[in-house]
Amino acid sequence: MKFATLALGMMLAFTGLARAELVELEVKSLEPAFAGRTFGSAGAYELIRAVAHYRVDPSAPVNAGLVNIQKAPRDAQGRVEFEADVLILKPVDLAKGNGRMLYEMVNRGRPLSIGLLNRVAPGAGRGSFSAAPEAGDGFLMDAGFTVVMSGWQAEYPLQNAPPMSVAMGSRLPRQPNSAALSARLPTAAGVTAMTREQFFDVGAEGAFIGYLSYPAADVNEKGTLTMRERDADPAVSPASLAWRYLDPWRIEVTKPAGTSAGALFEFVYRAKDPVVYGLALASMRDLVSYLRYSDAEGNPLRSAIKKVIGLGASQTGRTLKELVSEFNEDESGRVVLDGANIVISGAGRNSVNSPFARPGLKDAQHTSWGLRGDEFPFSYPVTRDALSGRTDGVMRRCSATRTCPRIIHIDSENELWHGGTLTYVDTSSRDLTMPDSVRVYVFAGTEHTSTPRPGMSPPFCAAPAPARIDWSVFARALFTALDRWVTNDEAPPASRYPTVARGELVAKSAYNFPKLPEATYVGAFSAKHYYDFGHEPPKRVGSYPLLVPQADADGLMIGGIRHPFVSVPLATNAGWNVRKPGFGEGDLCMATGLHVPFAATRQERMERKDPRLSIEERYASRDAYVQSVKQAALALVKDRLLLPADADAIVAEAGDQYQKALARR
């Protein structure tokens, strides 16, 4: 009876005065979450799967900047309709919750927030939230948070398309019974323009099928295909490079003999019917506003939510910047997000509200480049772009309307190697001062992925092992700090990021990485560029500063926050890795770091000609090492950068780490 009543209430349409609105939250299912597991005073949780139905008025001033909105199909009232999947994890008894909501726009259909903050074990089946292990250690649930997730990336029309072959998985090939969250966004029918598709790591076979993000306007119209072996090579079209349309969504490419597995391909063609992707941002705004403020019977969180924190990681971290900048004010002028946890976004923004958007791609060396939307401004304060002459900042618009949330921005070291240093300096290489409502932190010796992946370095990377520093412990502590900031006005720890003034950001030529046989720095860096988008492909006009994070004698980044296993090291962990011969040699391996163990003894070090001190030269004993780790962990706890329980776990692990390091000899 309880479910029937709730479902009936949620099926009622909510129609307010707002001209852009969520008109119905249609419940598809309601079931116990995490197999009925209970969490502290919050008790048991339940899982609601729903579809949010939206209706947007193109004439409303707040929607005027949505690209192609005037070209989208309309209903009888002149509105644009669309829908998106929604997932809600809430205490069965909302009164037992903490009155706070964590909102996540999911990444390529996949939720990341619970895996990151609850430290869900690999292989625990993330996404269904029906099994007890999917709650991890219960971090968010023990605290009483309601977690809301929504899809926003459009579904791809070809169900058999490999996910990573379609704009890096941004267009979801929708399989039957899929647990992915997506959106059914309208297209701007009849709109055509020249655009391009970029293909990389397509394999060693002589031919491959390239999936297009947008359909070709005319398969009989000629396009242009070029290729490069390395990122900086000029694009060429040898006579033996051939292609043909299989249909409007696919091309077949035949590679010249001798082409490496790591070659890059770029296809320029006339496309049609672009997705009106700006509506995805409107959907995020309207969903959170509805759940937070609406007293409609169909709102399952009615009157329960007092504060909201948004979280986005990687490409959704870049998307969260767009939401903060443009859409953190609802139709009634109310704040949508009180806090924003922007995770591993670097200095990037996302290609969302543009004519032929590519929200699944990242402007990075040996992947994709020249993305519309991933442009200046790169950081939060208002600055002047030395190349374009523009003055702007991520927080300029929301500052003018006094609707900015409090922001905690966190990056792994890897983001700094992909142009992310522009978060900390302006376009003339001068250190930035963050606004009072922003804190920024960088984690030394880490890669894009939060938890270590021993033995999982991509096959095209030169260094054999990825970085092994777990930065999720910092994410938990800093999320806690953000929660206290927005809830109790308790200021978080001071920002910790590298600066030019302290010698922590330097020119590439001044980078002091040790000479190691397992890893050689060759100058790889994903520079950010200023483009003239009046051409296709865009024309590069200039480049932004090429600053990298400086390293100490062990190859460890000297600025930012240091994990105890970086402060008291047994190995070099760095945020970069480069590609091996045949795969774009010398270009960066996107998202991947490196791990090179120290020699166990002085003798071994001398035999290897390793410039780094051995383990026996650093630490008198296992106990001495563990004590040093403990002191480093306690210092981070004191600074509120590490939670006590996570510090205890690190110290408990230290002895085994030491023994394993010695056993490697």
Side-chain angles (χ1 to χ4, degrees), residues 119 412-413 442-447 449-455 463-477 496 512-519 549-575 593-665:
R119 304 198 65 171
S412 76
E413 182 189 334
V442 181
F443 312 136
T446 57
E447 65 178 29
T449 303
S450 62
T451 53
R453 305 166 298 149
R468 295 184 183 177
I469 302 300
D470 182 348
W471 55 260
S472 67
V473 293
F474 298 133
R476 286 153 61 95
R496 288 202 189 182
N512 291 326
F513 194 77
K515 294 182 179 179
L516 305 177
E518 300 91 342
Q550 184 58 288
D552 62 17
D554 292 322
L556 295 159
M557 177 181 152
I558 63 175
I561 300 174
R562 285 188 154 202
H563 190 285
F565 293 159
V566 174
S567 297
V568 190
L570 296 169
T572 294
N573 284 281
L594 61 85
H595 172 90
V596 182
F598 295 156
T601 65
R602 182 179 185 278
Q603 180 179 350
E604 180 188 356
R605 175 173 74 85
M606 299 300 289
E607 290 172 353
R608 290 172 50 182
K609 297 182 180 179
D610 191 331
R612 305 166 300 166
L613 290 178
S614 65
I615 293 173
E616 75 169 8
E617 292 173 290
R618 293 169 184 266
Y619 313 112
S621 65
R622 177 184 182 276
D623 288 344
Y625 173 77
V626 172
Q627 284 302 310
S628 294
V629 169
K630 182 177 181 179
Q631 292 305 310
L634 289 175
L636 290 168
V637 171
K638 182 180 179 181
D639 291 340
R640 294 180 294 146
L641 299 169
L642 194 61
L643 299 176
D646 289 333
D648 291 344
I650 290 169
V651 174
E653 182 187 354
D656 287 344
Q657 292 286 341
Y658 182 86
Q659 293 301 127
K660 289 177 181 177
L662 289 181
R664 281 194 294 263
R665 56 178 173 174

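Positions are given from 1 along the sequence. Source: prediction; values computed, not measured.
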Peer 1: Can you measure from CZ (Phe513) to CG (Leu594) and round to the nearest 0.5 angstrom?
Peer 2: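 The CG atom of Leu594 is 5.0 Å from CZ of Phe513, to the nearest 0.5 Å.
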Peer 1: Tell me whether Arg605 contacts the main-chain N or O of Phe598 through its side chain, where contact means a donor paired with an acceptor under 3.5 Å.
Peer 2: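 Checking the backbone N and O of Phe598 against the side chain of Arg605, no donor-acceptor pair under 3.5 Å is found.
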Peer 1: So Phe474 and Leu636, side chain to side chain contact (heavy atoms under 4.5 Å, CB included) or not? Walk me through it.
Peer 2: CA-CA 9 Å; Phe474 298 133; Leu636 290 168; 4.0 Å; yes
Peer 1: Which atom names give the shortest non-hydrogen contact between Ala574 and Gly555, and what distance separates them?
Peer 2: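 Closest approach of Ala574 to Gly555, heavy atoms only: CB-O, 4.2 Å.
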Peer 1: Got a second to check how far Leu662's CG is from Arg622's CZ, nearest 0.5 Å?
Peer 2: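 Answer rounded to 0.5 Å: 10.5 Å.
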Peer 1: Using every non-hydrogen atom in the two residues, find where Val442 and Ser412 come nearest and quote the distance to one decimal.
Peer 2: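 Result for this residue pair: CG1-O, 4.1 Å.
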Peer 1: Can you find a pair of side-chain heavy atoms, one from Pro549 and one from Ile558, that are under 4.5 Å apart?
Peer 2: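 Not in contact.
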Peer 1: Are side-chain heavy atoms of Ile650 and Leu642 found at a separation under 4.5 Å?
Peer 2: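 Heavy-atom side-chain distance check passes, below 4.5 Å.
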Peer 1: How long is the straight-line distance from CG of Asp648 back to CG of Leu634, given to the nearest 0.5 Å?
Peer 2: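 Answer rounded to 0.5 Å: 8.5 Å.
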Peer 1: More than 12 heavy atoms of other residues, nucleotides or ligands under 6.0 Å from CZ of Arg602: is that the case?
Peer 2: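 Check fails, neighbour count at 12 or below.
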Peer 1: Taking the side chain as everything from C-beta on, heavy atoms only, tell me whether Tyr658 gets closer than 4.5 Å to Leu570.
Peer 2: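 Tyr658 reaches Leu570 side chain to side chain.
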Peer 1: Nearest heavy-atom pair of Pro569 and Asp554: which atoms, and what distance?
Peer 2: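 Where Pro569 meets Asp554 most closely, the heavy atoms are CG-OD2, 4.4 Å.
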Peer 1: What I'd like to find out is whether the side chain of Arg119 reaches to under 4.5 Å of the side chain of Asp470, using heavy atoms alone.
Peer 2: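 Contact flag for Arg119/Asp470 side chains = yes.
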Peer 1: When you compare the side chain of Thr572 with that of Glu518, does any pair of heavy atoms fall below 4.5 Å?
Peer 2: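 With C-beta onward as the side chain, the pair stays apart.
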Peer 1: Please check if the side chain of Glu604 supplies one atom and the backbone of Ala599 the other of a donor-acceptor pair under 3.5 Å.
Peer 2: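 A pair under 3.5 Å: no.
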Peer 1: For residues Gln603 and Glu607, is any side-chain donor paired with an opposing acceptor at under 3.5 Å?
Peer 2: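 Side-chain D/A pair, Gln603 to Glu607: present.
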Peer 1: Between the main-chain N or O of Trp471 and the side-chain N or O of Ser450, is there a donor-acceptor pair closer than 3.5 Å?
Peer 2: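 Pair absent, no side-chain N/O of Ser450 close to backbone of Trp471.
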Peer 1: Please report the shortest heavy-atom distance between Met557 and Gly445, naming the atom on each side.
Peer 2: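 That closest heavy-atom pairing would be CB-N, 4.4 Å.
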Peer 1: About how many Å separate CD1 of Ile469 and OG1 of Thr446, when rounded to the nearest 0.5 Å?
Peer 2: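 Rounded to the nearest 0.5 Å, the OG1-CD1 separation comes out at 8.5 Å.
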Peer 1: To the nearest 0.5 Å, how far apart are OG in Ser472 and CG in Asp646?
Peer 2: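 Between atom OG of Ser472 and atom CG of Asp646 there are 7.0 Å.
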Peer 1: Yes or no on side chain to side chain contact (heavy atoms under 4.5 Å, CB included) for Arg562 and Leu556, after CA distance, side-chain angles and deciding distance?
Peer 2: CA-CA 9 Å; Arg562 285 188 154 202; Leu556 295 159; 3.7 Å; yes
Peer 1: Counting C-beta onward and ignoring hydrogens, is there a side-chain heavy-atom pair between Leu643 and Val473 closer than 4.5 Å?
Peer 2: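 The answer is no; the side chains never approach within 4.5 Å.
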Peer 1: Answer yes or no: is there an ion pair linking Glu653 with Lys660, defined by an N-O contact shorter than 4.0 Å?
Peer 2: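 Salt bridge between Glu653 and Lys660, a charged N being under 4.0 Å from a carboxylate O: no.
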Peer 1: Do Asn573 side-chain atoms and Arg468 backbone N/O form a donor-acceptor pair below 3.5 Å?
Peer 2: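 Looks like yes, one N/O pair under 3.5 Å.
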